[in-house]
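Throughout, a chain's letter reflects where its sequence line sits, starting with A, and its residues are numbered from 1. All values below come from the heavy atoms of this structure, side chains included, with hydrogens, waters and symmetry mates left out.
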There are 2 protein chains.
Amino acid sequence: MAQGTSRRARSENSKEQILQAALRLAVERGYEGTTMADVSAESGLPIGSVYWHFKNKEQLFVELLEHCHAEWLKIHSGPIAVRDKVTRGIAGQVREDPGGYSREEALLKVAMILALDKRLGGLGEDSEVRRTYIRIRSKMFEVNVRHLADSLPGDVVEAFPELPEKLAVLSLALTDGFYVHANSAIRIDFAEYADLAALALEGLVDRYVKLARERKSISTAAG
Amino acid sequence: MAQGTSRRARSENSKEQILQAALRLAVERGYEGTTMADVSAESGLPIGSVYWHFKNKEQLFVELLEHCHAEWLKIHSGPIAVRDKVTRGIAGQVREDPGGYSREEALLKVAMILALDKRLGGLGEDSEVRRTYIRIRSKMFEVNVRHLADSLPGDVVEAFPELPEKLAVLSLALTDGFYVHANSAIRIDFAEYADLAALALEGLVDRYVKLARERKSISTAAG
DNA sequence: GTCTATAGGCCGATAGAC
DNA sequence: GTCTATCGGCCTATAGAC
């Protein structure tokens, strides 16, 4: 560490190192599969330091989720088309980057793993890790709904206000589903399937667009 | 146990009890979350009996998977339409039956949990539980592809031989995706979404049907 | 703030009586 | 075949020197 590096800065650096190590391990091994000793070894810091920065294992994962969520929010701003939402999501879940995951992908991966890791923090449903995961997932979902709404034609959203939410659920389900598939060793061309999935959802949008236009022309003719 | 119950029959009965207990627990808690002591308690048999019937924890789960797969195969025979495949799959994954799961649903649930439970049997990728899961999932997938192929119009399958496989992947992804969603405490009307998902895939099929018919009329006109 | 050593608890697996 | 008692190993968390 160079001269002039404050104690405070070094401490923050250690904390960051621990979080990054925990992230790398959690993505590979899940919650139960990641031990505090592993985190200590991977970060290069002794286990005492880990417990100095984080009260316990549960708190480490709570902060890890919040850390990733903050990064995700930074990146995801502005509207996004259904097609991009689906293809980006699937691509992100599936990529096997040996050198580590981008922060955008990281939250989704960690979130997915924690979603299905039973017995988080020993008591399942009631653990703070789980509550944090649920809170963050619902925030991400709201953001997605808003961005999809912004990307759809205004008259369609007006006619079917629940459409953005429906699309968000479906695109999230597809993203999650392909993550599961990626963990099941049946090799497929994910890019091709991302296109296909996008096509399917776009077909749905087209249907609603037509419905909206029909309604409009009827009400215009009537009024 | 009544008179005339052979030692052999009682032994088989014990084994079945243990498997059922393991199934109930695994669905709720996953692999790591289910201890041999739990299985022993849930089955009502002492832990020594569990180890008499199964060499170790890994072997117990291997046989559990194979047991469920056999049941699944019994039920899933004959063609099935895309719509039914999707709606049935989603409904099965999501239902919260307090009294236990039907055997049809059980394999899918257990398979899903094991798919994402990292560090199965201590060594992740190389565990026998994982290999068994991979083998069974690929068998189930083949069966689904064949049944979907049987349910599609013959000329479409002829024109696009890869379509049944694509639909199987998408419908499986949707099923899996909604399972994840069901574990994330954002409450939605799954029946409605099952319809929507089916609609999206049917739209895809329609597109391919049209393409096949167009091709046919072109080649007929040309020939 | 950093690090080592270790306490304390839980789990998989076995030994051995019946 | 069934059951109990127990061992060894791993994991979280803490105590306490520096």
Take atom [atom1] of [X] and atom [atom2] of [N], then tell me their distance rounded to the nearest Å.
X	N	atom1	atom2	answer
A:Gln17	C:dG1	CD	C1'	14 Å
B:Glu32	D:dC11	CD	P	10 Å
B:Tyr51	D:dT6	OH	P	18 Å
B:Leu60	C:dA13	CG	C1'	14 Å
B:Lys55	C:dT14	NZ	P	9 Å
B:Asn13	D:dT2	CG	C1'	14 Å
A:Asn56	D:dC11	CG	P	17 Å
A:Phe61	D:dA13	CZ	P	11 Å

Mutual orientation of the aromatic rings belonging to B:His181 and A:Phe141 [parallel < 30°, tilted 30-60°, perpendicular > 60°]: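 B:His181 and A:Phe141: perpendicular rings.
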Want to settle it: does A:Met36 or B:Ser49 sit nearer the 5' end of DNA chain D, counting the closest nucleotide to each? B:Ser49
Return the set of residues passing side chain to side chain contact (heavy atoms under 4.5 Å, CB included) with A:Ala194 (not counting sequence neighbours), or none when no residue passes.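 Applying side chain to side chain contact (heavy atoms under 4.5 Å, CB included) to A:Ala194 gives A:Thr87, A:Ile90.
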Under 4.5 Å between any side-chain heavy atoms of A:Arg135 and A:His69, yes or no?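 Heavy-atom side-chain distance check fails, nothing below 4.5 Å.
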Under-4.0 Å side-chain N/O to phosphate OP1/OP2 contact, A:His53 with C:dG1: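 Looking at the OP1 and OP2 atoms of C:dG1, neither is under 4.0 Å from any side-chain N or O of A:His53.
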According to a strict under-4.0 Å criterion, is B:Ser14 in side-chain N/O contact with OP1 or OP2 of D:dG1? no
Show your reasoning for whether salt bridge (charged side-chain N to carboxylate O under 4.0 Å, His left out) applies to B:Lys109 and B:Glu28. CA-CA 9 Å; B:Lys109 284 231 182 207; B:Glu28 297 278 321; over 6 Å; no
Which parts of residues 37-48 of chain A get close to DNA chain C, meaning a heavy atom less than 4.0 angstrom away? A:Pro46, A:Ile47, A:Gly48
Taking the six-membered ring of A:Phe54 as reference, does the cationic atom of A:Lys15 (NZ for Lys, CZ for Arg) lie under 6.0 Å from its centre and within 45° of its axis? yes
For B:Glu58 and B:Glu128, which heavy atoms make the closest approach, and how far apart are they?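 Heavy-atom minimum between the residues: OE2-N, 2.6 Å.
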Qualifying residue for side chain to side chain contact (heavy atoms under 4.5 Å, CB included) with B:Ile113, from B:Tyr133, B:Tyr179, B:Tyr31: B:Tyr179
